[in-house]
Protein chains: 2
Amino acid sequence: MTEHPFHKHINSFVSLTDTDFQTILTFFKEQHFQKKELLLGAGDICNNNFFVVKGCLHMYFINDRGTERTVQFAIENWWLTDFLAFQKQSASEFYVRAIEDTDVLSIRHNNLEALLEQFPIMERYFKSIYRIAYGSSLNRTKYLFDFSKEEIYFHFVDHFPEFAQRVPQYLIASFLGLTPEYVSEIRAKKRS
Amino acid sequence: MTEHPFHKHINSFVSLTDTDFQTILTFFKEQHFQKKELLLGAGDICNNNFFVVKGCLHMYFINDRGTERTVQFAIENWWLTDFLAFQKQSASEFYVRAIEDTDVLSIRHNNLEALLEQFPIMERYFKSIYRIAYGSSLNRTKYLFDFSKEEIYFHFVDHFPEFAQRVPQYLIASFLGLTPEYVSEIRAKKRS
DNA sequence: CGGATCGTTGATCAACTTCAACGGTCGTGG
DNA sequence: CCACGACCGTTGAAGTTGATCAACGATCCG
């Protein structure tokens, strides 16, 4: 029997028996979302935290001019939600939507509390998750700051070629903070 | 006897007896740094994590053109270090420097491991710390993206007036990703 | 007093956005 | 299975934001 991807992921941070993992799974709901389906709306109470088993999500907001801005992608083995709102059980600042057909494990706030109560070792797991996410976010800030938009774009496609494959160009633009038109332009320039 | 600020901060997330807190303190080193003093250099192995008891730090890097870019400030009750490098015990991407005379509690990586071993409840505390830091970082990303530089500046001074007081203008500029000259310009424009 | 530090001002210019129009491709319904 | 529309990428012209550079002022502190 092959190990569940989520169990494998947890085990890369802390050790968990198969029995414990099976119990832990009961705190979650397995859900499938179709491409373009909405998991969380801005303004909704943020009840759920999502773990991507297979597929791809993005979290975004819509600004005054009506354009979408992606703040985070999540592929296999990433957690995604509006963490501040999830914690406070308040209205989400962001939308979460499936980019591809996606399988997630979702957990409600009260179930996560109960899970942590019963399995304190999972505190350690989530500590690691948040620490990595925060570190990555700071590194991203570094690039957003310092590089020109052109450098930002090529840095991204060089470092995460798998994204460039999976995700449409206009979403990458939305993630990196430039316009689709400008992406076209610098790609054309590069080609020549 | 007044409660130690660090104990107070921990207690806002988890409950800790005074005895336990006194033991926990022994894992830390109390340090004082003068204004402008360096706590961590880019390229150094990142051994320490810093908790600000009193004062103000900033974390920054220096880009190709030789200009400083601040990725994070830390005032009272904030943790600061290059978390990715701290975890991997690798070379830091960033500098950490005191902006004011600052008292910190610093903890080495192996001591933190030992502390968490002995007081598993602190896993929960650090989980909360990282989650908040990550959430805040995502929110900051939101503003960096979406607002014009002018909006970014005024949003910051409106929301964190205490910073605008304590921190020189050129450091705020370095944090927000604009030039000191441009800050001058928009402040002048606003005044008229 | 003299130097270092920090903020200001103005001119020039490049990077990037905005807007409008077009073309290719994919999927869905007739 | 074809046709139509939605979706996505491209192109080019015009306009704007914000960086860069250089010089000057103000203030603080030894």
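Quantities reported herein were computed from a predicted structural model and do not represent experimental measurements. In what follows, every chain begins at residue 1, and chains take the letters A, B, ... in the order their sequences are listed.
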Write down the protein N/O and nucleotide N/O pairs, taken from nucleotides 22-26 of chain C, whose separation is under 3.5 Å; answer none if there are no such pairs.
none

Gap between atoms CG and C1', on A:Asn63 and C:dT18 respectively (whole Å): 13 Å

Basic-acidic side-chain contact under 4.0 Å: A:Glu3, A:Lys8: no

So that I know where these two stand, are A:Tyr95 and A:Phe61 an aromatic pair - ring centroids less than 6.0 Å apart? no

Between NZ of A:Lys35 and P of C:dT28 the distance, given in whole Å, is 9 Å

Take the protein atom NZ of B:Lys149 and the nucleotide atom C1' of C:dA15, then report the distance between them rounded to whole Å. 12 Å

Closest to the A:Lys36 side chain, choosing from C:dC16, D:dC7, D:dT11: D:dC7

Can we say B:Glu181 and B:Lys149 salt-bridge, meaning some charged N sits less than 4.0 Å from an Asp/Glu carboxylate O? no

Given atom CD1 of B:Ile99 and atom P of C:dT5, what is their separation to the nearest angstrom? 16 Å

Counting only side-chain heavy atoms from C-beta out, which of D:dC7, D:dT10, D:dG18 sits nearest to A:Glu181? D:dT10

Euclidean distance, atom CZ of residue B:Arg187 to atom P of C:dC6 [Å, nearest integer]: 15 Å

Whole angstroms only, please: what is the CD1-P distance between A:Ile186 and D:dT10? 11 Å

Any idea which heavy atoms bring B:Ala85 and B:Ser92 closest together, and the distance? CB-CA, 3.9 Å

Neighbours of DNA chain D within residues 162-179 of chain A, by heavy-atom distance under 4.0 Å: A:Pro168, A:Gln169, A:Tyr170

